[in-house]
Amino acid sequence: MTKLSTDNRQHKAKLKTKNNNPKSTIRNPKSKKSMSRIYIEDLSKHVGEEVAIHGWLYNKRSSGKIRFLVVRDGTGVLQCVMVKQNLSEEIFNTFDALTQESSFSVTGKVKAEPRSPGGFEMEVSDVKIIHVAKEYPITPKEHGVEYLIDIRHLWLRSSRQHAIMRVRHEIIRAIREFFDNRGFLLMDAPIFTPAACEGTSTLFATDYFDLGKAYLTQSGQLYGEAGAMAFGKVYVFGPTFRAEKSKTRRHLTEFWMVEPEVAFNDLNDNMELAEEFLEHIVQSVLKNRQTELKTLERNTTFLEKVKKPLPKISYEEAVDILRKKGNAFEYGNDFGAADETIISGEFDQPLIVHRYPTEVKAFYMKRDPQNPKLALAMDVLAPEGYGEIIGGSQREDDYDALLSRIKEHNLPQEAFEWYLDLRRYGSVPHAGFGLGVERTVSWICGLEHVRETIPFPRMIYRLTP
RNA sequence: UCCAAAGUAGCUCAAUGGUAGAGCAUCCGGCUGUUAACCGGAGGGUUGUAGGUUCGAGUCCUACCUUUGGAGCCA
């Protein structure tokens, strides 16, 4: 019933536009020698000029003879004022046909307007409808995340999602800038791999011609190590895949990870690189994305404190903190999400925890010469309960030690022969870490869930859109 | 895989075991400065599915389905 009436209205709207342009309902806004077209973000340079904006209807309001169109063009939002006595009836009535998210181009004079949120307003002289949208499923009122995530392709048009995606973009830009400025080579690792990189996680399998199964990568690190031996310092930046049935606000099955790897670095160098890296990322966002952080109502007090040096404690000291807090934590276990929150709650900066028991860490991590029961590993825990955002280590560079680790973990030696080669031909101490992009975005934006940090999240029960 | 919670109008939510409602959205009307505009009116429901208890079930019971949160694993 509702559908019918909408269709009717669309039909009417089509008829109206047809009168303007007999060829097609979809008009090319550039076809007419129109005003110079600008983006909303550049409005300040065009005050007093007659310009055109191409965009979509964000919202509209009417007070009878004065009407307001709120247009968004992807770079911002602008309120356009239609005054009846200044416009022909035909143009004034385009207001009625425009539904939420209809596309159109609007022409008029730009005015500075202190009452408007962006500081500018447009006095409309002409409106050209491009396409009348059907009833839009996202209304200006509240919606649940469950509903919105099903229409993620449309949800991305809303202001909050714009802010998150712009912060994500800034984080990725800062990551690349940081490594590029330090002479790192960006080295892409393969997505298809013959075996588990770390041997533990469940992987996504796929048929690979006559070669049997291929698996989607869960880390580019081993390839990064080959890169470090070839180029000295590299970073791998790509998607990674985990088939574990993790159902939490911190997990996706497909997520992005950046993994630097540096030859001749030890654990201390690695921790220093990580803290400088985090400082650069957070300070870049604070510097370049204040508007977005404001939209997200992010309290930036903690973010401003992200500067070198970050606090560093050993696994043992972390266990002590847990015990002092009355937590019956057993030495030798890995920290759960609740433990991480307690430990990081003691600090107001990201916290580096180093030297974990070898049993809870991966086979390729070098053992501490001072205490062979410990791995030269490091994790960075974000404050405010956001958990682990970085995991890294100094790698085992001794051939015999690495081989026995591979055997202890029951890994297929043939698959790791190339990796062992790195210890056969000019082995050197080296270290690296991986940073989860989505968890970092989630932390910096202050979000409830990582699913909002990636344009199209992949989770156990979600493969669409 | 395990534990827990939730499914009622397009959306967000109400409704002691006793006639299923509101706000937003949609449609019709009004308004010359609105700001998630406002005011008046209208349409809109197999209460996730299948059984059961009861004079009577949206509400109680059982199973299943779907989604969400958490655990484990991890970034």
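Throughout, a chain's letter reflects where its sequence line sits, starting with A, and its residues are numbered from 1.
- Using cut-offs of 30° and 60° on the angle between ring planes, the pair A:F241 and A:F204 is perpendicular.
- The residues A:E384 and A:R298 are annotated as salt-bridged, a charged nitrogen and a carboxylate oxygen being separated by less than 4.0 angstrom.
- As judged by a 4.0 angstrom heavy-atom cut-off over every strand, A:Y461 is placed among residues touching the sugar-phosphate backbone only.
- When each of A:R439 and A:H449 is assigned the nucleotide of RNA chain B bearing its nearest heavy atom, the one mapping closer to the 5' terminus is A:H449.
- We find that CG of A:D96 is positioned 13 Å from C1' of B:G30, with the value rounded to whole Å.
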Quick one: which protein N/O atoms are closer than 3.5 Å to N/O atoms of nucleotides 5-12 of chain B? Pair and distance per line, please.
from: B:C11; atom 1: O2'; to: A:E142; atom 2: O; distance (Å): 3.4
from: B:C11; atom 1: O2'; to: A:H143; atom 2: ND1; distance (Å): 2.4
from: B:U12; atom 1: OP1; to: A:G144; atom 2: N; distance (Å): 3.3

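- The separation of B:A42 from B:A57, taken at their C1' atoms, amounts to 31 Å, rounded to a whole angstrom.
- When the C1' atom of B:A75 is taken as reference, atom NZ of A:K361 falls 11 Å away, rounded to whole Å.
- Look at A:R462 and you won't find any side-chain N or O under 4.0 angstrom from OP1 or OP2 of B:U67.
- Using cut-offs of 30° and 60° on the angle between ring planes, the pair A:F178 and A:F277 is tilted.
- Each of B:U32, B:G33, B:C74 was ranked by its minimum atom distance to the side chain of A:K65; first place goes to B:U32.
- Across all strands shown, A:K84 has no heavy atoms under 4.0 Å from either base or sugar-phosphate atoms.
- Across all strands shown, the partner of B:G40 is B:C28, judged by Watson-Crick or G-U wobble contacts whose two distances both fall under 3.5 Å.
- Ring stacking holds between A:F255 and B:A75, with the centres under 5.5 Å apart and the planes within 30 degrees of each other.
- Across every strand in view, B:U53 sits unpaired, with no contact that passes the Watson-Crick or G-U test at under 3.5 angstrom.
- A salt bridge between A:K84 and A:E89 is absent, with no side-chain N of the basic residue lying under 4.0 Å from a carboxylate O of the acidic one.
- Aromatic ring pairs are classed by plane angle as parallel below 30°, tilted from 30° to 60° and perpendicular above 60°; the pair A:Y419 and A:F416 is perpendicular.
- Using Watson-Crick or G-U wobble geometry with both donor-acceptor distances under 3.5 Å, B:G7 finds its partner in B:C65.
- Figure legend. B:C73 is base-paired to no nucleotide; pairs are counted as Watson-Crick or G-U wobble with both atom distances under 3.5 Å.
- Among the atoms of the strands shown, none is found under 4.0 Å from any heavy atom of A:E254.
- Between A:R451 and B:G69 there is a side-chain polar atom (N or O) within less than 4.0 angstrom of OP1 or OP2.
- In this structure, A:D334 atom CG and B:G72 atom P are separated by 9 Å, rounded to whole Å.
- The cationic atom of A:K60 (NZ for Lys, CZ for Arg) lies less than 6.0 Å from the six-membered ring centre of A:F95 and within 45° of the ring axis.
- Mapping A:R249 and A:Q85 onto RNA chain B by nearest heavy atom places A:Q85 closer to the 5' end of the strand.
- A:R67 comes within 4.0 angstrom of no nucleic acid atom, judged by non-hydrogen atoms across all strands.
- The distance between atom CD of A:E452 and atom P of B:G69, rounded to the nearest whole Å, is 11 Å.
- Among the heavy atoms of the strands lying under 4.0 Å from A:S62 is at least one base atom, whether or not backbone atoms are also near.
- Following rounding to the nearest Å, A:L203 (CG) and B:C73 (P) show an atom-to-atom distance of 17 Å.
- For A:K247, whose side chain is taken as the heavy atoms from C-beta onward, the closest listed nucleotide among B:G33, B:A71, B:C74 is B:A71.
- Annotation: cation-pi geometry satisfied between A:R67 and A:F92 (NZ/CZ under 6.0 angstrom from ring centroid, within 45° of ring axis).
- Taking the six-membered ring where tryptophan is involved, the planes of A:F335 and A:Y356 are perpendicular, since the angle between them exceeds 60° and thus also 30°.
- To the nearest angstrom, P of B:C73 lies 9 Å from CG of A:N333.
- Distance, A:F68 CZ to B:A36 P: 13 Å, rounded to whole Å.
- You'll find that the side chain of A:N59 is closest to B:A36, out of B:A36, B:C73, B:G33.
- Between A:R462 and A:D150 there is a salt bridge, since at least one side-chain N of the basic residue sits less than 4.0 Å from a carboxylate O of the acidic one.
- In this entry the distance linking CD of A:E438 with P of B:C74 reads 19 Å, nearest Å.
- Within the 4.0 angstrom heavy-atom criterion, base atoms lie near A:L252.
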